[in-house]
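To start, the structure under review is shown below, and the notes come after it.
Read the numbers this way: they start at 1 and go in the same order the structure lists the ligands and their atoms. This is a predicted model, so every value here is computed, not measured.
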Amino acid sequence: MTVVKNPEITIIRELLKANSGFVSGNRLAEIIGISRVGIWNHMEKLRTQGFIFEAVRSQGYRLIQKPDSLHPLLIEANLATHKESPRIIFLEEVDSTNSEAERRLANGKETPFIVISRSQTAGRGRLGRRWFSGDSGNLLLSVAFRPNLSPSRMRNFTLWMSVNLCEAIANTCKISPGVKWPNDLLYEGRKLGGILTEARIDSDQTRDVIFGLGLNINNPRKSWPKDIASRTTSISDALGHKVDINRLTAMLINRILKAYNQFIKNDLDTLSNMWEQFDLLRGKQISLLQGKTRFQGIASGIDDSGALRLKLNTGAELAVHAGDVTIEKE
Ligand code: BTN
């Protein structure tokens with residue numbers, strides 16, 4: 001008899017699979033390898049965490065209600081079971097999930113691992129910006145990897161991950177987000193999410209990389225501070241209703257891990273097509289700020305290294321690897 005390591009994940013997974021139907025205590029006991037009394041004890045523990053079950057003597061248990069905010073058991077229960085589950089560290093509050101991942105990497109923690117927090121006290125974005133991180137339905141997640149690749153091979157990592165996320169969100173949520181080079185996920189001109197990739201380089205090797213994602217999933221419009229409300233949106237705002245945040249998070253984790261594995265194998269044949277599909281800048285008049293220098297011109301996609309191609313107003317062509325883009329004319 002195999003004894004399951006985390007019985008509560010298995011219980012929730014079986015009840016979710018039953019789709020509001022009953023699962024007998026005997027069946028749960030058999031799958032998990034404990035007694036029915038043991039199952040009952042776990043159900044009581046789950047009840048204290050916001051799960052509501054109906055228990056009928058001859059039929060077993062069925063799930064009536066589950067927490068609708070992020071919950072580690074629900075994320076794990078929704079992850080694919082055929083592979084070994086990735087290690088997830090779930091926190092109520094942290095300074096920044098990227099910083100937490102960095103500390104754990106420095107302590108030698110095995111990769112890949114994922115840090116998720118309900119809120120951040122010092123969430124950060126690109127170019128030293130603050131990332132609004134209240135506990136109101138947004139996903140704050142970092143995934144740590146040790147890619148062992150040269151820094152030049154990592155150049156289009158963020159772009160590859162961002163188009164993969166766009167495709168995953170488009171397929172699952174039936175909205176069509178796009179990418180504003182290099183790391184902004186937008187929907188109808190408003191910010192839906194952002195990516196912060198941070199890497200540590202040892203001479204010619206990328207020692208480790210942290211892929212940080214902030215995604216507005218179920219944040220209601222009124223939860224945003226006034227200064228960013230007009231520029232921001234969420235998946236629930238776009239759809240007009242909340243989504244299952246735990247299921248979506250599990251799907252995104254699966255996609256991030258899959259996209260990372262493809263990236264490591266240099267299996268990036270689809271990058272240019274995907275970029276064309278999700279690129280929000282192509283053909284638009286933009287302004288790009290690099291330090292104190294401002295370039296203005298028409299964006300024309302990316303080159304093989306992930307640099308943004310610009311046809312400057314002066315007629316010259318330029319490929320840039322860094323900078324802050326503003327769309328001047330749609
Ligand atoms: C940006 O748009 O500039 C990127 C924002 C990235 C925010 C996420 S939230 C999870 C992770 N932890 C952080 O401190 N930042 C990233």
Side-chain angles (χ1 to χ4, degrees), residues 69-70 72 75 86 88-106 111-145 157-166 169 177-187 189-200 208-219 223-225 227-235 245 248-249 252-253 255-257 260 278 280-281 288-290 308 321-327:
S69 61
L70 275 173
I75 299 172
I88 300 180
I89 297 126
F90 189 93
L91 305 165
E92 290 299 316
E93 185 179 273
V94 72
D95 51 355
S96 147
T97 52
N98 269 33
S99 303
E100 182 62 28
E102 197 180 323
R103 290 188 285 269
R104 291 182 188 239
L105 279 168
T111 54
F113 66 86
I114 297 162
V115 182
I116 298 178
S117 184
R118 257 189 229 288
S119 65
Q120 297 180 129
T121 53
R124 58 178 186 268
R126 242 177 109 238
L127 308 167
R129 292 187 182 126
R130 177 179 84 99
W131 184 257
F132 176 68
S133 307
D135 171 16
S136 54
N138 45 5
L139 174 64
L140 310 163
L141 161 151
S142 299
V143 191
F145 302 104
F157 178 70
T158 301
L159 308 186
W160 172 246
M161 298 305 272
S162 53
V163 287
N164 271 278
L165 285 175
C166 273
I169 294 168
V179 188
K180 180 169 130 275
W181 184 94
N183 73 321
D184 277 343
L185 305 184
L186 303 187
Y187 176 73
R190 288 163 171 246
K191 187 125 170 169
L192 186 67
I195 292 169
L196 179 66
T197 305
E198 296 179 312
R200 282 190 300 174
D208 45 51
V209 63
I210 298 165
F211 170 79
L213 169 68
L215 183 67
N216 306 324
I217 297 184
N218 281 339
N219 324 46
S223 72
W224 301 107
D227 55 326
I228 54 171
S230 61
R231 292 179 278 121
T232 311
T233 190
S234 63
I235 292 178
I245 192 168
L248 182 59
T249 299
L252 292 172
I253 290 173
R255 184 64 184 246
I256 291 167
L257 297 176
Y260 174 78
F278 295 110
L280 292 174
L281 298 183
L288 182 137
L289 193 62
Q290 248 184 11
L308 177 69
H321 271 287
D324 193 21
V325 172
T326 313
I327 301 175

If the condition is side-chain hydrogen bond (donor to acceptor under 3.5 Å, both in side chains), which residues does Arg104 pass it with, not counting sequence neighbours? Glu100
For Ala322, enumerate each residue passing the side chain to side chain contact (heavy atoms under 4.5 Å, CB included) test, keeping only those at least two apart in sequence or located in another chain. none
Using the test side chain to side chain contact (heavy atoms under 4.5 Å, CB included), find all partners of Ser230 that sit at least two apart in sequence or belong to another chain. none
Considering all heavy atoms of both residues, which atom of Ser142 and which atom of Ile210 are nearest to each other, and what is their separation? CB-CG2, 3.9 Å
Side-chain contact test, heavy atoms from C-beta onward, threshold under 4.5 Å: evaluate it for Ile116 versus Ile88 and give yes or no. yes
To the nearest 0.5 angstrom, please state how far the CG atom of Asn219 sits from the CD1 atom of Ile245. 7.5 Å
Pairwise, report which nitrogen or oxygen atoms of ligand 1 are under 3.5 angstrom from protein nitrogen or oxygen atoms, and how far apart they are.
| from | atom 1 | to | atom 2 | distance (Å) |
| --- | --- | --- | --- | --- |
| ligand 1 | 2 (O) | Lys191 | NZ | 2.6 |
| ligand 1 | 3 (O) | Arg126 | N | 2.6 |
| ligand 1 | 12 (N) | Thr97 | OG1 | 3.0 |
| ligand 1 | 12 (N) | Gln120 | OE1 | 2.9 |
| ligand 1 | 14 (O) | Ser96 | OG | 2.8 |
| ligand 1 | 14 (O) | Arg124 | N | 2.9 |
| ligand 1 | 15 (N) | Arg124 | O | 2.7 |

